[in-house]
Chemist: 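Dumping the structure here so I can ask a few things about it.
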Amino acid sequence: MTSEPQSPARDFIREIIDADLQSGRVRRVITRFPPEPNGYLHIGHAKSICLNFGIAEQYGGECHLRFDDSNPTTEDQEYVEAILRDVRWLGFDVGDRIFYASDYFERLYELAESLVERGHAYVDSSSEEAIRAHRGTVTEAGTPTPHRQRSPEESLALLRRMRAGEFPDGAHVLRARIDLASPNMKMRDPVLYRIRHAHHYRTGDAWCIYPLYDFVHPLSDALESISHSICTLEFENNRELYDWVIEHCDLPARPRQYEFARLNLTYTVMSKRKLLELVAGKHVSGWDDPRMPTLAGLRRRGVTPEALRAFAARIGVSKHNSVVDVALFEHTLREDLNLRSPRVMCVLEPLKITLEDWEPGHEETLDAPYWPADVGKPGSRSLPIDRELYIERSDFSLTPPKGWRRLAPGAAVRLRHAFVIRCERVVTDADGNVSELVCRREPDADADGSKTMGTIHWVSARRGVPLEVRLYDRLFESEAPGADDSDALADLNRESLRRLDAIAEPSLLDAEAGSHWQLERLGFFFVDPVEAEQGRRVLGRVVPLKDSWAKQTEPARPREPGRVKPAAAGRAREPLSEAARALAARHDLSEEDARVLAEQPELQALLQEALTVCQNARSVASWLVNELPARHRGAGAASLPFRGDELGRLVQMLDQSRITAAAAKRALAAMLAGEGTAEEVVRARDLEQTSDEGALGAWVDATLAENADVVARFRAGNENVLGALLGMVMRKAAGKADPQRVRALLGERLRSG
RNA sequence: UCCGGCGUCGUCUAAAGGCAGGACAAGGGACUUUGAAUCCCUGAAUCAUGGUUCGAAUCCAUGCGCCGGAACCA
């Protein structure tokens, strides 16, 4: 209904999935959302849920909700239920696709035994500290503990006794035998199982050894035939281990892990630990405090699942570490709430006014529409009005600033849904504070016909009803609370909650728990469902209205300085190495190319081979360095489907102007795809440069004719589009045209026509 | 310091060698019985330096910056 994405989102993960589907690597897309049941879900999880369930929906696959519950000491059924509630509330049907890693414990254990049997894992009886010490540091390799030598038989026996409960916590662990010298610390014989004599909320006391994440996760994925295991960036280092585990176990499927950037929002915290601090320290009323970024909090705040999903779609998915401006979230919220919130009036901080020309005791009833014209929904309520009213204290000023459109001594203002009044007298109390205004009704327009611009909200003093209103603000004062290792709590916004005894129009008496309202000029509000359970009617503000007046008046929520752009750092380059200098001298190479070739013997070998057929070493080197890697991504020279001499032949053709550089690139791509020798590829694809001036002209004319709009832009002064037109001609010519001649021709036609 | 990842308007995100686009935020205007909504307009970016190319945000090199990694947590 509201702002769902129009077309399915495109992001790098979906591109990978498209490619996998097309190549046939994957037939059915299965994703998973794997929360650990040890805390509450927050808006960052919502991003992940929308991604995983959204992909499943979009590709006609499925998404498993899997509880990653392999740590008995922190997990609890309470969290399982809260998570389930949150996911369903977000609008995703988990159906019967609810899984528990703990259901796989037996199978996992079998796989662990088989790893031990094949020598890929061993039982280490060192202390935790010793293992840590032997792991080395990021710059120094680890060293084996004495137990790394243990035979499979011995380890297996120990592992079985571990399972049987013969040892106390910490006596032994099961470790993978991988590589203690790996530059990736995760690969330095990671621990797979530890002993924990602890009660698990699901498996009870059936186990006293529990597997660790890096073992559980890939295997759970494989057991469930997950096709794409999507996690956040901090697991990038775990992927190598993920792949190792899958390769070394006998599994029915081969899932792959991809990482995306988790959501960060300005003025809030997202980590479980910090959230827990807020709750435990009683800085908020609980996990569902409306100021919390938890789904429970947002739900109670009055944020709708639709708005959350629209937000997730809007922020996109990438690998950039990013912080989304909370203003974007608020915008999405307003967009959603605008269409579902009837408008009513409520005065937060009342100032009494008396209409001196209104007969005392007389009351009238106005019929006021719930919706503004542009929303255009039907429905209205009656609004009582009489001699004494309340208006917002902030809608009156004794000394109005320039541009003030509200009440002031002698000024006129329109009462929403009623009439225009003018302030005749100001009554002050003993302390000199304004205590009341005396006003008179006025005709709709001034004598000169100009309409009264300002409109304020009001409530009948006699018929208004008292109501508790809560105004929420961001929990933290700074954009990045707790940045640079400071304590986030120090940034806490002491005024993030204001409770007000407001006076509302009587129709609000019927407001149901969990209903949305717009209090005109104040914001979107939600009848707090948790308070309602206790029999209290509390209206909490979901988000204020945009207020361009306030922005003018107090343009100051101090904006923190943006990221500092790294300084231009032109440090002197390393001098050419001896080898590179020799190489450059021998073949007359550019310094740049020599530098690269000097460090890559396999490229040098290719160069030597190429030189047997092509004398232009400079050209060959340039192709070796600049073009080959771009088209032969990731793979080394060894996996090339052709030898250096073939590259030499290609460069030779280019050198002799038989083909253009564009054609040579196409040819190279074809050769890399194994389509044949340089000669074969050029012939098969008809890549020889055309010398036919007429053909060139025809391509140019056709392109110009087909792209009148682009031509118009060029003539309007956008010379950049010449490149675009050139590109189109080149494509039409399939690379056979000389770009410089095309450019000249293009310029000629464009300027003469 | 080693390994991995990432550098595009203030923010988020597009552009698969060819017109650097969109949204939020900002500024201005129109309209207005919400200083809302809506509509229009403006300003605003490819980390730096070299190289390859007719043409580079995109390919190559070097440098710089930011994030993550040495739990028997996930």
Side-chain angles (χ1 to χ4, degrees), chain A residues 10 34 36 38 68 70-71 74 128 131-132 135-140 142 169-170 173 182-186 188 191 193-196 212-213 217 233-240 259 261 266 314-316 318-325 327-328 331-332 334 338 343 372 374-375 403 405-406 414-418 451-457 518 520-522 545-550 552 559 562-571 573-574 590-593 595-596 622-623 625-627 629-631 661-662 710 713 718 720-728 730 738-740 742-743:
Chain A
R10 298 287 315 156
E36 183 187 10
N38 71 344
D68 215 345
S70 56
N71 185 354
T74 58
E128 198 171 336
I131 288 176
R132 216 191 327 270
R135 188 135 35 215
T137 68
V138 289
T139 46
E140 299 159 54
D169 287 4
V173 291
S182 171
N184 181 353
M185 302 289 301
K186 290 276 189 280
R188 320 246 264 224
V191 173
Y193 268 89
R194 80 288 217 188
I195 302 173
R196 277 273 180 292
L212 280 112
Y213 169 86
H217 207 86
L233 250 27
E234 68 269 27
F235 291 99
E236 269 168 336
N237 294 304
N238 299 60
R239 188 178 56 232
E240 194 180 353
E259 310 87 14
T266 54
R314 196 172 285 219
I315 57 177
S318 74
K319 299 190 74 146
H320 311 159
N321 235 309
S322 58
V323 186
V324 176
D325 192 337
L328 179 59
H331 171 82
T332 313
R334 293 189 188 104
N338 184 39
R343 274 61 165 175
D374 61 340
V375 175
R405 301 220 308 237
R406 308 173 187 182
R414 186 184 301 278
L415 294 182
R416 178 73 165 155
H417 298 303
K451 287 188 117 187
T452 305
M453 277 309 289
T455 301
I456 62 174
H457 57 278
Q518 186 194 105
E520 293 212 50
R521 307 209 304 136
L522 297 174
L545 254 26
K546 233 166 79 175
D547 187 348
S548 51
W549 171 252
Q552 278 180 47
R559 177 102 203 160
R563 268 206 299 265
V564 184
K565 292 260 175 185
R571 192 209 278 180
R573 334 197 58 190
E574 293 259 314
S590 74
E591 271 193 26
E592 286 289 339
D593 292 345
R595 207 185 275 277
V596 179
S622 170
W623 274 71
V625 170
N626 292 301
E627 302 297 341
R631 274 150 247 276
V710 185
R713 273 206 291 281
N718 185 352
N720 284 347
V721 305
L722 185 72
L725 287 167
L726 175 59
M728 293 181 217
M730 292 301 289
D738 173 2
Q740 294 184 66
V742 172
R743 178 178 285 272

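Reminder, nothing fancy here: chain letters follow the sequence lines and each chain counts from 1. Below, each value reflects all heavy atoms present in this structure, side chains not excepted, and no hydrogens, waters or symmetry copies.
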Chemist: A:P372 has a side chain; which of B:A36, B:C54, B:G7 sits nearest to it?
Modeler: B:A36
Chemist: Return the nucleotide paired to B:A37: Watson-Crick means purine N1 to pyrimidine N3 with N6-O4 or O6-N4, wobble means G-U with N1-O2 and O6-N3, both under 3.5 Å.
Modeler: none
Chemist: A:K319 side chain: which of B:G18, B:A36, B:G5 is closest?
Modeler: B:G5
Chemist: Looking at A:R406 and B:G35, is any side-chain donor or acceptor paired with a base atom of the opposite kind under 3.5 Å?
Modeler: yes
Chemist: For A:S182 and B:C3, is the shortest distance between a side-chain N/O and OP1 or OP2 below 4.0 Å?
Modeler: no
Chemist: In the strands shown, is B:C24 matched to any nucleotide by a Watson-Crick or G-U wobble pair with both distances under 3.5 Å, and which?
Modeler: B:G10
Chemist: Taking the side chain of A:M453 as heavy atoms from C-beta outward, which of B:A25, B:U32, B:G55 is closest to it?
Modeler: B:U32
Chemist: Select base, sugar-phosphate, or nothing to describe what A:Q518 touches, counting heavy atoms under 4.0 Å on all strands.
Modeler: base
Chemist: Going through the distances and angles, do A:Y213 and A:N238 end up as a side-chain contact (heavy atoms from CB on, under 4.5 Å)?
Modeler: CA-CA 10 Å; A:Y213 169 86; A:N238 299 60; 4.2 Å; yes
Chemist: Can you work out whether A:E520 or A:V710 has the more 5'-proximal nearest nucleotide on RNA chain B?
Modeler: A:V710
Chemist: Determine which nucleotide pairs with B:U49, using a 3.5 Å limit on both distances of a Watson-Crick or G-U wobble pair.
Modeler: B:A61
Chemist: One character per nucleotide, please: for nucleotides 68-74 of chain B, 5' to 3', B when the base has a protein heavy atom closer than 4.0 Å, S when only the sugar-phosphate does, - otherwise.
Modeler: BBBSBSB
Chemist: Regarding A:R521 and A:H457, do their side chains bring together a donor and an acceptor under 3.5 Å, going by distance alone?
Modeler: yes
Chemist: When you get a sec, tell me which of B:C19, B:A61, B:G4 is the closest nucleotide to the side chain of A:E236?
Modeler: B:G4
Chemist: Assign A:A418 to base, sugar-phosphate, or nothing according to its heavy-atom contacts below 4.0 angstrom with the strands shown.
Modeler: base
Chemist: Between the main-chain N or O of A:M185 and the side-chain N or O of A:S182, is there a donor-acceptor pair closer than 3.5 Å?
Modeler: no
Chemist: A:M728 or A:A661: which one's nearest nucleotide on RNA chain B is closer to the 5' end?
Modeler: A:M728
Chemist: Nearest to the side chain of A:R343, which nucleotide is it out of B:C54, B:C19, B:U34?
Modeler: B:U34
Chemist: Between B:C54, B:G18, B:A61, which one does the side chain of A:E592 approach most closely?
Modeler: B:A61
Chemist: So A:V375, base contact, sugar-phosphate only, or nothing? Heavy-atom distance under 4.0 Å.
Modeler: nothing
Chemist: Does any N or O donor sit under 3.5 Å from an N or O acceptor when you compare the side chain of A:N626 with the base of B:G51?
Modeler: yes
Chemist: Can a donor-acceptor pair under 3.5 Å be found between the side-chain atoms of A:R416 and the base atoms of B:U34?
Modeler: no
Chemist: Would A:E36 and A:N38 count as having a side-chain donor-acceptor pair, cut-off 3.5 Å?
Modeler: yes
Chemist: Whom does B:G18 pair with, Watson-Crick or G-U wobble, provided both distances fall under 3.5 Å?
Modeler: B:C54
Chemist: Can you measure A:R414 atom CZ to B:U32 atom P for me and round it to whole angstrom units?
Modeler: 11 Å
Chemist: Considering every strand shown, what is the Watson-Crick or G-U wobble mate of B:G4 when both distances are under 3.5 Å?
Modeler: B:C67
Chemist: Considering only B:A37, B:C19, B:C24, which nucleotide approaches the side chain of A:L328 most closely?
Modeler: B:C24
Chemist: What nucleic acid atoms does A:G403 come within less than 4.0 Å of, heavy atoms only: base, sugar-phosphate, or nothing?
Modeler: base
Chemist: With a 4.0 Å cut-off on heavy atoms, is A:L726 in touch with a base, just the backbone sugar-phosphate, or nothing at all?
Modeler: base
Chemist: Of the listed nucleotides (B:C54, B:G35, B:C19), which one gets closest to any side-chain atom of A:R521?
Modeler: B:G35
Chemist: Under 4.0 Å between a side-chain nitrogen and a carboxylate oxygen: does that hold for A:K186 and A:E240?
Modeler: no
Chemist: May I ask you to evaluate whether A:H331 reaches the phosphate of B:C24, defined as a side-chain N or O under 4.0 Å from OP1 or OP2?
Modeler: yes
Chemist: Taking atom CZ of A:R406 and atom CE of A:M453, what is their separation to the nearest 0.5 Å?
Modeler: 12.5 Å
